[in-house]
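Attaching a single structure in structure tokens format; questions to follow.
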Amino acid sequence: MEEKSRNKSFGGTTRFYSHRSDVCDCDMSLAVYVPPQAEAGPVPVLYYLSGLTCTEKNFIEKAGAQRYAAEHGLMLVAPDTSPRGVNLPGEDDSWDFGSGAGFYVNATEQPWAEHYQMYDYVTVELPDLIRQTFSVKGDRAGITGHSMGGHGALICGLKNPDKYASVSAFAPIAAPSQCAWGQKALTGYLGTDKSAWAAYDATELVQSTGGLETSLLIDQGEADQFLADGQLLPDVFSAACAQAEQPLTLRMQPGYDHSYYFIATFMEDHIRHHAAALCSS
């Protein structure tokens, strides 16, 4: 990886990198927080997936996570949300599809299939790159995210219990097959066959996979405009978890919206959730 910048932060360092991705066939960017404990030995990793329109910078600059990651000795890794500048027709035409809106799927439809392989990037290539570059602890990481990234965290966790020891989300798009954002993205990237969508829908996955042994943590603001618009559907996901006997802590937070003010407020709880699974040994 090529390091772009580095800043001292809570005893560790916040760093920005770029690298050539074989999976996405383009240059990709990411942010990494290396906690002070990394000077003494390997540390566990927590991945954060951002939402629509975001880059690798939003979380690392706005969420206040470094303070809590430093307390527990967690490395934070935040990738970009899509390939950038690959010159596909229409890639920059809308904010909820294309650039900044990769939805963490492996696209099968043209022209997106050549570059938009975000699921394999997040679950295979990026962890390999982190292991090659840093001294990390354990065979399994944690994963979390916000909105579209919350959707990504849930599907990655549910599909790969061998890779992720802990999973959480902030205001996730929890049933993308049933909302306008998800239907637009899944049709564009995967086509009109809805059976293909199920592999990237947390509500469908929790029923088909039987869920995880570990408990999921979700925070959702009750004043979230996208909750009111029917884009997030936490109640649908909660019902599916209950049916599958998947342990879930869904916390509805009065007065909170969809912003990073909301995320920063409850970030400490999520870091603790992951640290309990990743830092115990």
Side-chain angles (χ1 to χ4, degrees), residues 23-26 47 49-54 79-84 86 88-125 143-160 167 169-209 211 216 218 220 224-241 244 258:
V23 168
C24 295
D25 192 24
C26 66
Y47 292 91
L49 307 182
S50 290
L52 290 164
T53 75
C54 291
D80 200 353
T81 53
S82 77
R84 304 276 178 175
V86 291
L88 298 181
E91 67 180 359
D92 297 320
D93 286 356
S94 61
W95 63 272
D96 56 356
F97 185 80
S99 294
F103 261 84
Y104 305 104
V105 304
N106 285 340
T108 56
E109 293 293 294
Q110 297 300 330
W112 312 101
E114 182 178 353
H115 298 287
Y116 279 64
Q117 300 293 308
M118 289 299 294
Y119 175 77
D120 279 354
Y121 177 72
V122 167
T123 61
V124 180
E125 186 176 35
I143 192 164
T144 185
H146 170 233
S147 195
M148 177 186 71
H151 142 78
L154 292 176
I155 64 168
C156 289
L158 287 166
K159 289 164 71 72
N160 299 279
V167 183
F170 298 87
I173 304 172
S177 299
Q178 301 181 47
C179 73
W181 280 347
Q183 290 165 359
K184 178 178 180 177
L186 297 175
T187 299
Y189 294 133
L190 303 176
T192 58
D193 182 1
K194 293 185 179 181
S195 64
W197 300 3
Y200 299 105
D201 185 313
T203 294
E204 298 287 342
L205 283 168
V206 77
Q207 297 178 83
S208 63
T209 64
L216 303 174
I218 294 177
Q220 172 64 63
D224 189 325
Q225 64 272 37
F226 302 117
L227 176 66
D229 288 348
Q231 300 285 13
L232 305 177
L233 303 175
D235 53 333
V236 174
F237 181 67
S238 179
C241 285
H258 201 69

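Hydrogens, waters and symmetry mates are skipped; everything else that's a heavy atom, side chains included, is used.
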## Note on the structure
V86 and C26 have their tightest heavy-atom pair at CG1-CB, 3.6 Å
### Query
Is there a side-chain contact between I218 and P172 (heavy atoms, below 4.5 Å)?
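Yes, close enough: below the 4.5 Å cut-off.
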### Query
Distance-only, no hydrogens or angles: does the E114 side chain make a donor-acceptor pair with backbone N or O of Q110 under 3.5 Å?
no
### Message
So I173 and L154, do their side chains get closer than 4.5 Å, heavy atoms only?
### Response
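Of all side-chain heavy-atom pairs linking I173 with L154, none is under 4.5 Å.
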### Gap between atom CG of L52 and atom CE of M148 - 0.5 Å precision
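Answer rounded to 0.5 Å: 5.0 Å.
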### Query
Using 30° and 60° as the class limits, which term best fits the ring planes of H151 and F103: parallel, tilted or perpendicular?
tilted
### Message
Show the nearest heavy-atom pair for residues D96 and A101, with the distance to one decimal.
### Response
C-CB, 3.6 Å
### Task
Measure the shortest side-chain to side-chain distance between S177 and L186 over non-hydrogen atoms and say whether it is less than 4.5 angstrom.
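Answer yes - side chains close enough.
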### Query
In Å, rounded to the nearest 0.5 Å, how long is the span from CG of D201 to CG of L233?
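The distance works out to 9.5 Å.
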### Message
Can a donor-acceptor pair be found, under 3.5 Å and without considering hydrogens, that links the side chain of E91 to the backbone of S99?
### Response
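A pair under 3.5 Å: no.
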### Message
Counting the benzene-type ring for Trp, do Y104 and Y200 have ring centres under 6.0 Å apart?
### Response
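No; Y200 has its ring centre 6.0 Å or more from that of Y104.
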### Message
Test side-chain contact (heavy atoms from CB on, under 4.5 Å) on V23 and V124; report intermediate values, then the result.
### Response
CA-CA 9 Å; V23 168; V124 180; 5.9 Å; no
### Query
Rounded to the nearest 0.5 Å, how far does CG of N106 lie from CD of Q117?
4.5 Å
### Message
Within this structure, what is the OG1-CG distance for the pair T187 and D193, rounded to the nearest 0.5 Å?
### Response
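Here the interatomic distance stands at 10.5 Å.
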### Query
Any side-chain heavy atom of Y121 sitting closer than 4.5 Å to one from P79?
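Y121 vs P79: side chains touch.
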### Query
Is there a donor-acceptor contact under 3.5 Å from the side chain of S238 to the main chain of P234?
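No.
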#### Entry: Polar side chain donor-acceptor pair, Q225 to D229, under 3.5 angstrom
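No.
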### Message
Rounded at 0.5 Å granularity, tell me how far CZ in F237 sits from CD in Q220.
### Response
12.5 Å
### Query
Once you round to the nearest 0.5 Å, how far does CG of L88 lie from CG of D93?
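With rounding to 0.5 Å, CG (L88) is 11.0 Å from CG (D93).
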### Distance-minimising heavy-atom pair for G191 and W197
O-NE1, 2.9 Å
#### Entry: Closest non-hydrogen atom pair between A153 and T144, with its separation
CB-C, 3.5 Å
### Query
Under 30°, 30 to 60°, or over 60°: which ring-plane class applies to W112 and F97, parallel, tilted or perpendicular?
perpendicular
### Message
A cation-pi test, strictly: NZ or CZ of K184 under 6.0 Å from the centre of the six-membered ring of Y189 and no more than 45 degrees from its axis. Yes or no?
### Response
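The answer is no; the distance or angle limit is not met.
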### Query
Step by step, would you call Y119 with N160 a side chain to side chain donor-acceptor pair (under 3.5 Å)?
CA-CA 11 Å; Y119 175 77; N160 299 279; 2.7 Å; yes
### Query
If you measure only the distance, is there a donor-acceptor pair under 3.5 Å linking the side chains of H146 and S50?
no
### Message
For W181 versus Q231, what's the shortest heavy-atom pair and its separation?
### Response
N-OE1, 3.0 Å
### Query
Closest heavy-atom contact between M118 and G102?
CG-CA, 4.3 Å
### Message
Closer than 3.5 angstrom, by distance alone: can the side chain of S147 be matched with the main-chain N or O of G149 as a donor-acceptor pair?
### Response
no
